[in-house]
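Read through the structure below, which is laid out as structure tokens, and then see the notes.
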Amino acid sequence: MNIILMGPPGAGKGTQAAKLVEKYNLKQISTGDLFRKAIKEETKYGVIAKYFISFGYLVPDDFTIQMVEEYLHENIHTEEFKNGFILDGFPRTIVQAKKLQDICDMFDFKIDAVINLDIPEDVLIKRLSGRRTCEDCGKSYHIVYNPPKVEGVCDVCGGQLLQRADESEEAVQVRIDTYNKQTKPLIDYYQMKGELINVNGDQTMDQVTQDIYDILDKI
Ligand code: AP5
Ligand code: MG
Ligand code: ZN
């Protein structure tokens with residue numbers, strides 16, 4: 001089963017992807033995480049992505065698509081992918097969505113569901129301002145909604161919990177505006193293709209998870 005998980009910044013894509021990985025043993029492909037790893041390792045993708053990400057802009061399409069293609073080439077035949085994958089944060093533009101169709105044909109797989117986490121803007125800001133991310137394993141927390149057992153320390157690996165570089169008030173606003181301009185049109189795109197499934201993202205984490213399980217259990 002291959003899924004696209006869509007939604008604005010802070011909608012809960014990463015949080016829900018982790019739940020789907022647990023239940024269905026799918027592989028999560030987060031382009032945001034791939035870029036952050038590239039930045040840390042100072043690869044060619046990292047050097048360019050760093051600038052765009054820190055201001056809250058999208059990384060240019062050509063570059064993003066090239067990274068995703070390369071990643072799939074190297075990983076799609078590995079054991080981790082045998083039950084399918086979740087695309088978290090890709091595609092994010094119409095150009096990327098069209099290219100994804102070509103990539104599907106190239107690697108001979110299909111997308112089974114496009115899940116859109118629907119959520120009002122004021123909730124996003126609260127979620128992003130309280131998020132803390134483990135610098136070692138990438139697990140995300142929220143200081144109010146999903147706190148770690150010990151403040152500032154990851155429950156899973158003991159790593160330090162930090163705010164992401166794109167979590168300043170200005171960058172968050174740019175990310176939301178960028179989403180509205182460049183990514184929101186994908187909702188209509190997938191709706192017209194008859195593939196879109198909306199989920200109310202403004203519920204408790206468990207309730208959102210349950211709604212997604214109910215959808216995917218029928219596939
Ligand atoms: P990316 O890393 O994908 O960031 P994003 O889309 O802005 O989304 P987030 O990861 O911030 O939020 P999320 O939806 O995963 O929410 P989370 O589960 O963490 O991308 C970063 C940047 O990389 C982009 O800005 C761009 O520059 C670049 N990039 C990435 N992909 C690209 C692409 N395809 N093309 C071009 N550029 C690209 O939850 C948020 C918080 O809320 C957490 O604290 C969580 O604990 C809490 N929370 C979650 N669910 C709930 C709930 N139900 N109730 C209460 N709290 C909740
Ligand atoms: Mg995320
Ligand atoms: Zn950790």
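In listed order, ligands and their atoms are each counted from 1. No experiment lies behind these values; they were computed from the predicted model shown.
Regarding atom 9 (P) of ligand 1, its nearest protein heavy-atom neighbour is R131 NH1, 3.3 Å. In this structure, the protein non-hydrogen atom closest to atom 20 (O) of ligand 1 is R92 NH2, 3.4 Å. Taking atom 54 (N) of ligand 1 as the reference point, the nearest protein heavy-atom neighbour is R127 NH2, 3.4 Å.
Rounding to the nearest 10°, we obtain 110° for the angle at the Zn ion (ligand 3) between C134 SG and C137 SG.
Ligand 1 has a nitrogen or oxygen under 3.5 angstrom from a nitrogen or oxygen of A11. The shortest N or O to N or O distance between K13 and ligand 1 is under 3.5 Å. Considering backbone and side-chain N/O of L128, none are found under 3.5 Å from N/O of ligand 1. The shortest N or O to N or O distance between G89 and ligand 1 is under 3.5 Å. Residue R36 places at least one N or O, backbone or side chain, under 3.5 Å from an N or O of ligand 1. Between T15 and ligand 1, at least one pair of N/O atoms sits closer than 3.5 Å. Checked against a 3.5 angstrom limit, the closest N/O atoms of G12 and ligand 1 fall inside it.
Classification of K50 and D166 as a salt-bridged pair fails, no side-chain N sitting under 4.0 Å from a carboxylate O. Between D177 and R175 there is no salt bridge, since none of the side-chain N atoms of the basic residue sits less than 4.0 Å from a carboxylate O of the acidic one.
Here the closest heavy-atom approach between residue R131 and residue S140 is recorded as CD-CB, 3.9 Å. In terms of heavy atoms, P91 sits closest to L100 at CD-CD2, 3.9 Å. Contact between F63 and K44 at its shortest, heavy atoms only, is CZ-O, 3.6 Å.
In this structure, N116 CG and L5 CG are separated by 9.0 Å, a value rounded to the nearest 0.5 Å. Within the model, atoms CD1 of I65 and NZ of K99 stand 6.5 Å from one another, a figure rounded to the nearest 0.5 Å. With rounding to the nearest 0.5 angstrom, the CG atom of L117 is 10.0 Å from the CG atom of D211.
Of the candidates H142, R175, Q96, Q16, the one placing a heavy atom closest to atom 35 (N) of ligand 1 is Q96. Considering F63, F52, Y57, F55 only, the shortest heavy-atom separation from atom 26 (C) of ligand 1 involves Y57.
The side chain of R164, and not its backbone, has at least one atom closer than 4.0 Å to an atom of ligand 1 (non-hydrogen atoms only; side chain from C-beta on). With a 4.0 Å cut-off on non-hydrogen atoms, Y179 does not touch ligand 1 at all. Residue contacts with ligand 1, taken as heavy atom pairs separated by less than 4.0 Å, involve T204 solely via the backbone atoms N, CA, C and O.
Remark: distances from the non-hydrogen atoms of G130 to ligand 1 are all 4.0 Å or more. Judged by the shortest distance from any of its heavy atoms, L34 lies outside the 4.0 Å radius around the atoms of ligand 1. Heavy atoms of Q203 approach ligand 1 to within less than 4.0 angstrom. In this structure, G10 is part of the shell of residues with a heavy atom less than 4.0 angstrom from ligand 1.
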| request: List the steps, then state whether salt bridge (Lys or Arg N to Asp or Glu O under 4.0 Å) holds for K23 with D217. | output: CA-CA 10 Å; K23 177 162 160 126; D217 283 344; 3.6 Å; yes
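The ligand atoms of ligand 1 that sit less than 4.0 angstrom from a heavy atom of T64 are 33 (C), 34 (N), 35 (N), 36 (C).
Between F35 and F52, the distance from one ring center to the other does not fall under 6.0 angstrom.
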